[in-house]
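Accompanying notes for the structure given below.
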2 protein chains.
Amino acid sequence: MTNDFFREQLKQKGLKVTPQRVAIYEAVVNLNNHPTAEKIIDYIRRNHPNIAIGTVYKVLDSLVDNNLLKKVKNDKDIMRYDAVVSHHHHLYCSETDRIEDYEDELLDKLINEYFKNKKIEKFEIQDITLQITGKFNNN
Amino acid sequence: MTNDFFREQLKQKGLKVTPQRVAIYEAVVNLNNHPTAEKIIDYIRRNHPNIAIGTVYKVLDSLVDNNLLKKVKNDKDIMRYDAVVSHHHHLYCSETDRIEDYEDELLDKLINEYFKNKKIEKFEIQDITLQITGKFNNN
DNA sequence: TTATGTAAAGATAATTATTCTCATTTATGG
DNA sequence: CCATAAATGAGAATAATTATCTTTACATAA
Ligand SMILES: [Mn+2]
Ligand SMILES: [Mn+2]
Ligand SMILES: [Zn+2]
Ligand SMILES: [Zn+2]
């Protein structure tokens, strides 16, 4: 994924293309496993040592607002970010804080079919994602 | 749900029965919609004005450790607690921070069947819960 | 080109949920 | 009751995040 891709994405959203925004966006994509702000900062500082922490949080927020990133729910007091904005599920390790993506169109179809028949009372579904908790076998 | 119920539950888990623990446990059960620590404190202070905030957090933690409460994932920087420890799913309001419980054995069966056939590579599933995001119709 | 306006970044202070420390109090088994 | 470990209260400390304010970058118009 080339540098131009990030610049182009930012431009399309009407965001000014700044080195900081490119670096932060690129960091989340490259780090790839739902990094925390801290992990993102560590990564960026290797090539961009003077970036301010406040800038990182502000940029992350605006990338989330513009749907280039998503926040990932977890039960710790630390926010994590996801570069995969298309519909997908998450595998949560029950022993560590590892979170992996899980895509499964067949499963989505199954669940959508299910809720086509069975409505939830007084609730209009917009999106369903699964939190699959378990253990990763080695690696 | 009587006061003795809470005392009994605590005792069964080997936890000393203190007025604070009973009050906090009771608060989460009565408040019932996944309250924050702050909401719990407000509720308790009505009858128990001198309880310390640190105590509330410590008790909540130990109730979670002993599986009398669960933490609820959300994408805010505030922890929420759940008195329903049996397997269930959550309806998240996309506009407010309302979270409701959703139980559905049929759906669980469907999903379990699905994963009986289709294994996830290098991952052993322990639990699957759905985050269903959408809109509550009035009320 | 230079001036000007605006948005973004940097530095750092403030906020806030949560955790920690430690002196004091309390629950519980004997 | 007593002893004692465990729990609570008060307040300080932490840490993630947010806010404030100044400086910088950069686009556009004079
Ligand atoms: Mn925090
Ligand atoms: Mn916080
Ligand atoms: Zn993801
Ligand atoms: Zn619940």
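On a predicted model such as this, the values are computed, not experimentally measured, just so you know. Letters A, B, ... are given to chains in the order of the sequence lines, protein chains preceding strands, and every chain is numbered from 1. Just so you know, these numbers use all the heavy atoms, side chains as well, and skip hydrogens, waters and symmetry mates.
- Here the side chain of A:K13 pairs a donor or acceptor atom with the backbone of A:N66 at under 3.5 angstrom.
- With sequence neighbours left out, B:K116 forms a salt bridge (charged side-chain N to carboxylate O under 4.0 Å, His left out) with B:E113.
- For the pair B:K71 NZ and C:dT18 C1', the computed distance is 10 Å after rounding to whole Å.
- A salt bridge is defined here as a Lys NZ or Arg NE, NH1 or NH2 lying under 4.0 Å from an Asp or Glu carboxylate O, and A:R98 with A:E100 meets this definition.
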Can you check nucleotides 8-14 of chain D for protein contacts, nitrogen or oxygen pairs under 3.5 Å, and list what you find?
residue : atom : partner : partner atom : Å
D:dT8   : OP1  : B:T18   : OG1          : 2.7
D:dT8   : O3'  : B:Q20   : NE2          : 2.7
D:dG9   : OP1  : B:Q20   : NE2          : 3.1
D:dG9   : OP2  : B:A52   : N            : 3.2
D:dG9   : OP2  : B:T55   : OG1          : 3.0
D:dG9   : O6   : B:K58   : NZ           : 3.4

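- Rounded to whole angstrom, the span from the CG atom of B:D97 across to the P atom of C:dA17 amounts to 13 Å.
- Side-chain atoms of B:Q126 and A:S94 include a donor-acceptor pair closer than 3.5 Å.
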Using the rule given for side chain to side chain donor-acceptor pair (under 3.5 Å), can you reason through A:T129 versus B:Q131, listing the C-alpha separation, both sets of side-chain angles and the distance that settles it, and then say yes or no? CA-CA 5 Å; A:T129 65; B:Q131 299 172 183; 3.2 Å; yes
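- The separation between A:M79 atom CE and C:dA17 atom C1' is 13 Å, rounded to whole Å.
- Here C:dA17 presents its P atom at 11 Å from CG of B:D42, a figure rounded to the nearest Å.
- The separation between A:Y25 atom OH and C:dA8 atom P is 17 Å, rounded to whole Å.
- As rounded to whole Å, 10 Å separates atom P of C:dA17 from atom CD1 of B:I41.
- No option in B:D108, B:D101, B:D104 other than B:D108 meets the side-chain hydrogen bond (donor to acceptor under 3.5 Å, both in side chains) test with B:H89.
- With the nearest nucleotide of DNA chain C identified for both B:R80 and B:V17, B:R80 has the one nearer the 5' end.
- Distance, B:I78 CD1 to D:dA15 C1': 16 Å, rounded to whole Å.
- Rounded to an integer number of Å, the gap from NZ of A:K16 to C1' of D:dA27 is 7 Å.
- Distances shown here put a side-chain N or O of A:Y57 below 4.0 Å from the OP1 or OP2 atom of D:dT17.
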